[in-house]
Amino acid sequence: MTLAIHGGTPVRSASWPAWPPPLDPAQRELVTKVLESGLWGATQGGSVVADLTAAFASRSGVPYGVAVGNATLGLFAALRGLGVGRGDEVIVPAYTFVASATAVLLAGAVPVVADVDPVDLHLSPGAVRDAVTGRTAAIMPVHLAGSPADMDPLNDLAARHGLAVVEDAAQAHGATYRDRPVGGLGDAGVYSFQASKAMTAGEGGLIVCRDQAVHERVWSACNVGRAPGGRWYGHPSVGWNLRLTEIQAALLLPWLDRLDEEIERRNAFCAALERELAHVPEVTVVPQPEGTTRDSRHLLMLRLDAGVDREFALAAMAAEGVPLDAGYPPLGTMAALTAEGARAEPCPGAEEAARTVVWVRQAMLMDAPEAAGDVAEALAKVITHCSRERP
Ligand SMILES: *Cc1c(COP(=O)(O)O)cnc(C)c1O
């Protein structure tokens with residue numbers, strides 16, 4: 001069969017589901033209500049941001065939450081609320097979105113990039129142990145692709161060294177670890193509502209936490225340094241306006257009612273694809289870390305055999321009508337971060353992932369499970385043509 005990139009017929013001509021999905025009636029109704037009320041900002045007496053915050057805290061199994069403009073600022077505010085600042089080091093995984101590290105820089109602290117487990121690609125407890133110094137103040141596990149990081153060993157390490165734990169849950173709304181929701185497993189957890197995420201309002205973020213004093217400091221950081229219940233122009237601490245709007249919250253609150261159904265849908269697609277890929281030995285699904293009880297399937301990560309020319313495979317897959325993504329470069333190799341003081345430990349796991357891993361995007365995972373056949377068929381077709389060993 002001639003590859004589509006060489007003029008052959010593509011495996012798939014149909015389009016994939018759009019992201020975000022179409023507005024549902026509950027979203028339309030609540031957004032309209034907020035728009036007509038004129039209470040667009042979060043300080044005008046509207047209740048949707050408060051309801052969203054309470055719902056997320058409750059779903060995360062903790063009492064407190066603060067909604068913010070995006071997750072980068074949320075991670076920053078969480079670090080600040082936990083007292084992490086100038087001179088401190090924060091350990092972040094080497095295979096993640098750059099914001100995990102730039103949020104640490106915003107807090108005035110030093111990102112220390114530690115390697116990921118070479119198999120599941122999540123922050124490696126062994127690498128964290130090696131990266132801890134007398135200046136380490138926090139670790140930031142990332143629930144990558146919707147799979148929870150293996151939190152027990154990370155929390156044990158944190159407890160032993162007196163470190164705070166900030167969960168980057170930007171990709172993992174609704175995921176559970178040993179039957180407990182992510183976000184509530186460390187000292188603070190941060191979700192993103194940026195356009196590509198599993199729930200979105202175009203932009204947005206939300207911090208959840210367990211401790212009242214931490215909550216007050218996070219809230220203050222996001223509300224121009226005010227004290228909760230304090231004077232409007234009293235600013236006992238330094239803070240910023242990092243707030244989410246009521247309009248954004250009105251897109252998100254009704255979404256919570258269908259989040260579980262969407263997670264099931266993506267899991268069904270992933271299960272079907274994994275079955276189909278049993279016939280394509282050059283491609284394996286990146287496994288979930290120990291302790292995953294519910295993967296929210298933001299992405300599905302696939303590992304291509306080292307012999308496969310990945311760049312050609314990606315171009316050929318796009319031509320077959322199944323565009324995949326190359327994923328992250330290793331964080332430690334980003335010159336812009338090291339120029340700002342970030343430090344990187346050796347990261348062979350992340351470097352290998354950056355060469356061999358591809359992602360199936362969330363929108364594709366929203367299709368019916370039968371469509372997984374197209375992904376597997378296109379992969380099988382492309383792989384036979386782009387193995388470096390057998391051209
Ligand atoms: C998207 C993302 C962020 C940043 O979220 P924003 O809302 O875009 O600021 C942080 N960490 C991870 C792992 C992400 O995927």
Side-chain angles (χ1 to χ4, degrees), residues 19-20 52-53 56 65-80 90-107 111 113-114 116 120-123 138-149 151 154 165-175 182-183 185-186 188-208 218 221-222 240 242-245 248-249 251-252 255 286 289 295-301 325-332 334 337 342 350 353-354 357 359-363 365:
W19 192 263
L52 177 75
T53 304
F56 256 90
V66 179
V68 283
N70 61 59
T72 310
L73 294 173
L75 291 166
F76 156 65
L79 289 167
R80 194 153 169 107
V90 179
I91 299 175
V92 300
Y95 193 73
T96 181
F97 185 57
V98 67
S100 309
T102 53
V104 175
L105 290 172
L106 265 181
V113 179
V116 293
D120 66 43
L121 306 185
H122 286 60
L123 183 59
I139 60 180
M140 191 188 287
V142 176
H143 303 306
L144 186 68
S147 331
M151 291 297 290
L154 294 168
V165 177
V166 176
E167 299 172 67
D168 181 339
Q171 304 184 0
H173 322 66
V182 302
L185 303 167
V190 181
Y191 300 96
S192 171
F193 308 123
Q194 180 267 344
S196 72
K197 304 299 157 81
M199 289 177 61
T200 176
E203 302 289 354
L206 202 143
I207 306 145
V208 293
V218 171
C222 299
W240 299 264
L242 308 183
R243 293 184 295 265
L244 190 79
T245 67
Q248 289 169 297
L251 282 164
L252 296 165
W255 201 317
V286 172
D295 189 325
S296 64
R297 299 294 195 190
H298 174 57
L299 307 161
L300 186 67
M301 300 191 288
D325 202 298
Y328 301 128
L331 212 53
M334 292 186 190
L337 291 179
V357 169
W359 297 349
V360 185
R361 286 263 181 198
Q362 171 171 269
L365 305 180

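Read the numbers this way: they start at 1 and go in the same order the structure lists the ligands and their atoms. Note that the structure is a prediction, hence the values are computed from the model and not measured.
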message = Taking distance alone, with N or O pairs closer than 3.5 Å, would you say Gln194 contacts ligand 1?
response =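 No; every N/O pair is 3.5 Å or more apart.
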task = Output yes when the distance from some N or O of ligand 1 to some N or O of Ala71 is under 3.5 Å, and no in every other case.
result =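 Right, the criterion is met.
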task = Consider ligand 1: state whether an atom of it lies below 4.0 angstrom from any non-hydrogen atom of Lys197.
result =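 Lys197 counts as a contact of ligand 1 under the 4.0 Å cut-off.
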ask   = Are any of the heavy atoms in Ala103 under 4.0 Å away from ligand 1?
value =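 So Ala103 does not count as touching ligand 1.
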query = Is a side-chain donor or acceptor of His122 paired with a backbone partner of Ser147 at a separation under 3.5 angstrom?
reply =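 Flag set: sc His122 to bb Ser147 pair under 3.5 Å.
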query = If only atom types and distance count, is the side chain of His173 paired as donor or acceptor with the main-chain N or O of Ser192 below 3.5 Å?
reply =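 Yes, because the side chain of His173 sits within donor-acceptor range (under 3.5 Å) of the backbone of Ser192.
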Under 4.0 Å from any heavy atom of [X], which atoms of ligand 1 are there?
X	value
Ser100	11 (N)
Gly204	7 (O)
Ser192	5 (O), 6 (P), 7 (O)
Ala170	2 (C), 3 (C), 10 (C), 11 (N), 12 (C), 14 (C), 15 (O)
Thr96	13 (C)

ask   = Between Tyr95 and Tyr328, what is the ring plane arrangement, given parallel below 30°, perpendicular above 60°, and tilted in between?
value =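 Plane angle over 60°, so perpendicular.
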Exercise: identify the closest heavy-atom pair between [X] and [Y]:
X	Y	answer
Met151	Leu185	CG-CD1, 3.7 Å
Lys197	His298	CA-CE1, 3.7 Å
Val166	Ala78	CG1-CB, 4.2 Å
Ile139	Pro141	O-CD, 3.5 Å

message = Once you restrict to heavy atoms under 4.0 Å, what part of Val142 touches ligand 1? Side chain, backbone, both or neither.
response =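 The answer is the side chain.
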For [atom], the protein heavy atom that lies nearest, with its residue and separation:
atom	result
atom 15 (O) of ligand 1	Gln171 NE2, 2.8 Å
atom 10 (C) of ligand 1	Asp168 OD2, 3.5 Å
atom 9 (O) of ligand 1	Thr72 OG1, 2.5 Å

inquiry  = Leu244 and side chain to side chain contact (heavy atoms under 4.5 Å, CB included): which single residue from Val68, Leu206, Leu52 fits?
reply    =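 Output: one option passes, namely Leu52.
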message = Can you confirm whether or not the ring centre of Trp255 sits under 6.0 Å from the ring centre of Phe193?
response =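 Judged by ring-centre distance (under 6.0 Å), Trp255 and Phe193 do not meet the cut-off.
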